[in-house]
Asker: 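If you scroll down you'll find the structure; I have some questions about it.
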Amino acid sequence: MKGYGKKLMNEVYDIAKKNDIDLIELDYWFGNNDAKEFYKKQHFKRYREFAFRQL
């Protein structure tokens with residue numbers, strides 16, 4: 001790993017703080033376990049789930 005994701009997120013946090021933004025929301029595909037673990041390490045908390053049914 002090269003740490004690009006962490007560097008990018010730190011830049012996002014800095015921009016948010018400079019603009020008085022105190023909440024960042026994001027989503028990722030349910031099966032994307034790499035993203036799930038990355039955001040968990042970034043201290044994001046899960047608070048909702050989406051589901052669908054195609055007819």
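Because only heavy atoms are used, hydrogens play no part in the values below, and waters and symmetry mates are left out as well, while side chains stay in. Owing to the predicted nature of the structure, the values given are computational and were not obtained by experimental measurement.
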Asker: Are Val12 and Leu26 connected, step by step, through hydrophobic side chains (Ile, Leu, Val, Met, Phe, Trp, Tyr) whose heavy atoms are closer than 4.5 Å?
Answerer: yes

Asker: Measure the shortest side-chain to side-chain distance between Asn33 and Lys36 over non-hydrogen atoms and say whether it is less than 4.5 angstrom.
Answerer: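 Sidechains of Lys36 and Asn33: in contact.
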
Asker: Taking the side chain as everything from C-beta on, heavy atoms only, tell me whether Arg46 gets closer than 4.5 Å to Glu49.
Answerer: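 Yes - at least one pair of side-chain heavy atoms lies under 4.5 Å apart.
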
Asker: For the residue pair Met9 and Phe38, establish whether any side-chain heavy-atom pair is separated by less than 4.5 Å.
Answerer: yes

Asker: Check side-chain hydrogen bond (donor to acceptor under 3.5 Å, both in side chains) between Tyr13 and all other residues, then give those that pass, not counting sequence neighbours.
Answerer: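 Here the qualifying residues are Gln42.
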
Asker: Does a sphere of radius 6.0 Å around CG in Asp27 hold more than 12 heavy atoms from other residues, nucleotides or ligands, not counting ones at 6.0 Å or beyond?
Answerer: no

Asker: Determine, using the 4.5 Å side-chain heavy-atom cutoff (strictly less than), whether Tyr28 and Phe30 are members of one ILVMFWY cluster.
Answerer: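 No, no single cluster joins them.
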
Asker: Lys6 versus Glu11: any side-chain heavy-atom pair under 4.5 Å?
Answerer: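 Lys6 vs Glu11: side chains apart.
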
